[in-house]
Every structure is written in structure tokens, then in C-alpha cells.
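Inspection log for the structure reproduced underneath, given as C-alpha cells.
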Amino acid sequence: MDRLAALPNTYKLVRRDARTNRTIVQLPNGASFGGEVLAICAGPCSVESREQIEATAQAVAASGANVLRGGAFKPRTSPYAFQGLGAEGLKLLRDAGDRFGMSVVTEVLDPRDVALVARHADMLQIGTRNMQNFTLLREVGDVGKPVLLKRGLSATIEEWLLAAEYLLVAGNAEVVLCERGVRSFDSATRNLLDLAAVPLVHSLSHLPVIVDPSHGTGLAKLVAPMAAAGLAAGADGLLVEVHPDPPAAASDGPQSLTFEQFKSLMGRLHAVAAAAGRQLPSATLAA
Ligand code: PEP
Ligand code: MN
């Protein structure tokens with residue numbers, strides 16, 4: 001028996017045998033994580049303007065994404081980098097999601113902003129730098145909205161599952177895990193995308209797992225192959241950064257896909273999804 005599975009009392013609520021069925025997390029527009037139809041979350045790293053988020057929402061919805069992402073509160077390594085539009089960004093994201101029939105996910109950085117973010121978002125993202133912010137986990141555990149919990153920069157699988165356990169203990173069972181790569185010795189890619197985590201977490205927990213090939217590689221040209229690999233590994237969805245003009249993006253331009261690149265990626269993923277026994281959401285003909 002592997003080491004993690006041999007620790008029966010470590011995770012009480014997230015462990016696979018705590019539930020008969022796997023958890024399926026539903027969003028208001030019908031998108032779900034863990035069902036036969038995959039959740040495809042797409043959008044810019046940061047919400048930058050009404051035009052930018054609306055154009056992106058329209059493009060990704062037309063290509064088949066069913067969840068709109070966009071950061072309003074940004075966790076930037078440098079205090080001099082763009083920190084996000086804050087409350088204004090939340091409104092722009094909400095409006096764009098509503099206009100194109102998409103549910104929205106956005107990051108909450110600070111326990112004091114949980115209520116504000118939850119008023120606008122359908123799903124709250126806890127970013128990699130906050131995976132072990134236990135105060136934030138407890139606060140989000142109480143919020144009554146689904147949570148996207150990214151794996152910490154150098155978190156072990158055990159630490160990640162225990163962070164999810166905090167959310168379940170606090171009363172929030174609607175948790176989706178997101179593998180987004182971990183720190184490694186090699187700077188050739190931004191992070192080392194750990195795709196073995198997908199089947200491993202599925203064997204240890206009933207929670208859905210999605211893959212983020214954008215932060216996982218840091219390079220736009222690697223996003224399509226690693227998105228396909230993530231679905232082949234059994235991921236319940238993807239999170240992909242898309243921007244109208246990646247070189248001009250306020251954050252994460254080098255890993256962001258253009259609208260055309262995203263469309264072509266979605267075209268290629270149908271066969272991979274089918275091989276994995278899943279389906280892509282059907283594209284909406286956006287207004
Ligand atoms: C993001 O989704 O833009 C983000 C900051 O992600 P992570 O926490 O994985 O770095
Ligand atoms: Mn980003």
C-alpha cells in the first residue's frame with residue numbers, strides 16, 4: 001500500500017471512501033466539475049478593462065468554455081507589479097459572465113474580502129500562495145460557494161489534501177482541486193506540471209481535480225499539449241489563460257493563449273476528451 005493511503009486517519013472527509021460517489025461540483029450556469037461533461041475555465045490572468053473581459057468572455061464561450069476566469073485581486077511576486085482592479089474588476093467579471101452565460105471564478109486573497117468576492121463570483125479560487133493560509137481556508141469554508149483550491153508552490157499531495165480537509169471541516173464540501181505545477185530545480189518551464197497528481201488524487205479522494213497548463217508551464221506553446229495530457233490523465237477540467245493580446249497583458253502574457261489559439265486547442269481536445277470517456281461543453285453561439 002502506498003504511504004498516503006496507509007494514513008487512514010489523516011484525511012477524514014476528503015478521503016475517497018468517505019463518500020460512496022465522487023463529488024460533483026455544480027455551478028449556476030450548468031457547468032460542473034466531476035461529471036461526464038468537463039469544466040473548461042478560461043479567461044485572462046487579470047481583469048484589465050470592460051472591453052478586455054467582454055471580448056475574452058465572448059471568444060472563449062464561442063469556443064466552448066463554460067466557466068469564465070479572471071483575477072481582480074492579484075497575488076503578485078513584486079509589490080510594484082499590477083495588483084488587479086479589485087472590486088471594480090469583480091463587477092466587470094460578473095457582467096461579462098452574465099452577458100455570455102458563463103459562471104465566473106476569481107481569486108480571493110484576503111479573509112476580509114471573502115464576503116465581497118462571494119457576492120460577485122460563483123466560485124472562489126484560493127491561489128497557490130495561499131493554499132496553507134488557514135485563516136482564509138476557514139473563512140472560505142463558511143461561504144456557501146464552491147472553491148477552487150490550487151496546489152501550493154511546493155506543497156506535497158498530503159499537504160494539499162489537508163488544506164482541502166480544512167474547507168470540508170469548516171462546512172464547505174464543494175471543493176475542486178487544481179494541479180498548477182510545483183517549484184522544481186529546472187527553470188526551463190515556470191513550474192513542473194505534476195500530472196501524476198491527477199490519478200493519484202482521484203485514488204485518494206472523492207474530490208474533482210482540474211489541470212492548469214498555463215501556470216503549470218508558463219509558456220503558451222506548451223499549453224495545448226499539456227492540456228491534452230491533463231485530460232488524458234483523467235482531469236475533470238482545465239483552467240487556461242486567454243487574452244486578446246498576450247504581449248500587452250498586465251500579467252502572465254507569456255503563458256496566455258490568443259483567441260485563435262484557444263479555439264484551435266478546443267478543436268483538438270474533442271478526441272482526447274472522448275478517449276478519456278468525457279465530453280467538452282458545447283460551444284454557445286455568443287451574442
Ligand atoms: C492565477 O490563476 O492567475 C494565479 C495567480 O494562479 P496560481 O495561484 O496558480 O499562481
Ligand atoms: Mn495568472
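Here the side chain of Lys145 pairs no donor or acceptor atom with the backbone of Val140 at under 3.5 angstrom. At least one donor-acceptor pair closer than 3.5 Å links the side chain of Gln52 to the backbone N or O of Glu48. Between the side chain of Arg94 and the backbone N or O of Arg119 there is no donor-acceptor pair closer than 3.5 Å. Of the possible polar contacts, one joining the Asp212 side chain to the His215 backbone as a donor-acceptor pair under 3.5 Å is found. No donor-acceptor pair under 3.5 Å is formed between the side chain of Thr56 and the backbone N or O of Pro44. The backbone N or O of Ile40 sits less than 3.5 Å from a side-chain atom of Asn66, completing a donor-acceptor pair. A side-chain donor-acceptor contact under 3.5 Å links Asp122 to the backbone of Val104. Side-chain atoms of Asn29 come within 3.5 Å of backbone N or O of Gly101 as a donor-acceptor pair. With hydrogens and angles disregarded, no donor-acceptor distance shorter than 3.5 Å links the side chain of Arg190 to the backbone of Gln255. For Arg268 (side chain) and Ala224 (main-chain N/O), no donor-acceptor pair under 3.5 Å exists by modelled atom type.
Contact record, Leu231 with Ala273: CD1-CB, 4.5 Å, taken as the closest heavy-atom pair. In terms of heavy-atom proximity, Leu257 sits nearest to Ala220 at CD2-O, 3.7 Å. Pro213 and Thr217 make their closest contact through O-OG1, 2.9 Å (heavy atoms, listed as atom of the first residue, atom of the second, distance). The minimum heavy-atom distance linking Ala72 with Gly89 is given by the pair CB-C, 3.9 Å. When every heavy atom of Ala65 is checked against every heavy atom of Ala42, the shortest pair comes out as CB-CB, 4.0 Å. Residues Met131 and Ala155 come closest through the heavy atom pair CE-CB, 3.5 Å.
Applying the ring pair (Phe, Tyr, Trp, His ring centres under 6.0 Å) definition to pairs two or more places apart or across chains, those involving residues 114-141 are Phe134-Tyr166. Legend: side-chain hydrogen bond (donor to acceptor under 3.5 Å, both in side chains) pairs involving residues 104-116, not counting sequence neighbours, sorted by first then second residue: Asp110-Arg112.
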Please report the C-alpha distance between Met123 and Val176 in whole Å, then the side-chain angles of each, then the deciding distance to 0.1 Å, and finally whether the side-chain contact (heavy atoms from CB on, under 4.5 Å) criterion is met.
-> CA-CA 10 Å; Met123 181 178 220; Val176 176; 3.6 Å; yes
Going through the checks in order, is the side-chain contact (heavy atoms from CB on, under 4.5 Å) test met by Val108 and Phe73?
-> CA-CA 7 Å; Val108 60; Phe73 294 101; 6.0 Å; no
Derivation and outcome, side-chain contact (heavy atoms from CB on, under 4.5 Å), residues Val105 and Gln125 | CA-CA 6 Å; Val105 58; Gln125 176 172 320; 4.1 Å; yes
Go through the steps to decide whether Ser214 and Val240 satisfy the test side-chain contact (heavy atoms from CB on, under 4.5 Å), and finish with yes or no.
-> CA-CA 6 Å; Ser214 304; Val240 177; 4.0 Å; yes
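Here the side chains of Phe100 and Leu68 are not in contact, with every heavy-atom distance at 4.5 Å or above. Looking only at side-chain heavy atoms (C-beta outward), Val25 and Leu207 stay at 4.5 Å or farther from each other. Between Tyr11 and Ser205, the closest side-chain pair of non-hydrogen atoms is not below 4.5 Å. Looking at heavy atoms from C-beta onward, Val37 lies out of side-chain contact with Ser32 at the 4.5 angstrom threshold. Considering only heavy atoms from C-beta on, Phe185 stays 4.5 Å or farther from Leu192 through its side chain. Inter-residue side-chain proximity for Phe33 and Cys41 is flagged as met; some heavy-atom pair is nearer than 4.5 Å. With contacts defined as side-chain heavy-atom distances shorter than 4.5 Å, the pair Ile210/Leu148 qualifies. When side chains are defined from C-beta on, Lys150 does not count as touching Arg129, because their heavy atoms never get closer than 4.5 Å.
Hydrophobic clustering places Leu162 together with Leu149 (ILVMFWY residues linked when any side-chain heavy atoms are closer than 4.5 Å, directly or through intermediates). Transitive grouping of hydrophobic side chains (ILVMFWY, heavy atoms separated by less than 4.5 Å) brings Leu38 and Met226 into a common cluster. Both Ile126 and Leu116 are part of a single hydrophobic cluster, where members link through side-chain heavy atoms under 4.5 Å apart. Hydrophobic clustering keeps Ile24 apart from Val201 (ILVMFWY residues linked when any side-chain heavy atoms are closer than 4.5 Å, directly or through intermediates). The hydrophobic cluster containing Leu13 also contains Val143, counting ILVMFWY residues as joined when their side-chain heavy atoms lie under 4.5 angstrom apart, directly or transitively.
The local environment of CZ in Arg19 is crowded, with over 12 non-hydrogen atoms from other residues, nucleotides or ligands closer than 6.0 Å. For NZ of Lys263, the number of neighbouring non-hydrogen atoms (other residues, nucleotides, ligands) closer than 6.0 Å is 12 at most. Around CZ of Arg183, the count of heavy atoms belonging to other residues, nucleotides or ligands within 6.0 Å does not exceed 12.
Side-chain polar atoms of His202 and Asp236 form a donor-acceptor pair below 3.5 angstrom. A donor atom on one side chain and an acceptor atom on the other are not found under 3.5 Å apart for Gln279 and His270. When only modelled atom types and interatomic distance are considered, Ser46 and Ser251 share a side-chain donor-acceptor pair under 3.5 Å. Under 3.5 Å, the side chains of Asp17 and His206 contain no donor-acceptor pair of N or O atoms. A donor atom on one side chain and an acceptor atom on the other are not found under 3.5 Å apart for Arg76 and Gln83.
Rounded to the nearest 0.5 Å, atoms OG (Ser63) and CG (Leu265) are 9.0 Å apart. Between Leu204 atom CG and Trp160 atom CH2 the span is 11.0 Å, to the nearest 0.5 Å. From Thr128, atom OG1 reaches atom CG of Asn191 across 7.5 Å, with rounding to the nearest 0.5 Å. Between atom CD of residue Glu88 and atom CG of residue Leu85 there is a gap of 7.0 Å, rounded to the nearest 0.5 Å. From Leu193, atom CG reaches atom CG of Leu222 across 10.0 Å, with rounding to the nearest 0.5 Å. With rounding to the nearest 0.5 Å, the separation of CG in Asp98 from CG in Leu93 is 9.5 Å.
Between Arg151 and Glu179 there is a salt bridge, since a side-chain N of the basic residue sits under 4.0 Å from a carboxylate O of the acidic one.
With sequence neighbours left out, Arg50 forms a salt bridge (charged side-chain N to carboxylate O under 4.0 Å, His left out) with Glu54, Asp95.
Checked against Leu161 for a side chain to side chain contact (heavy atoms under 4.5 Å, CB included), the options Thr10, Leu177, Thr156 give a single hit: Leu177.
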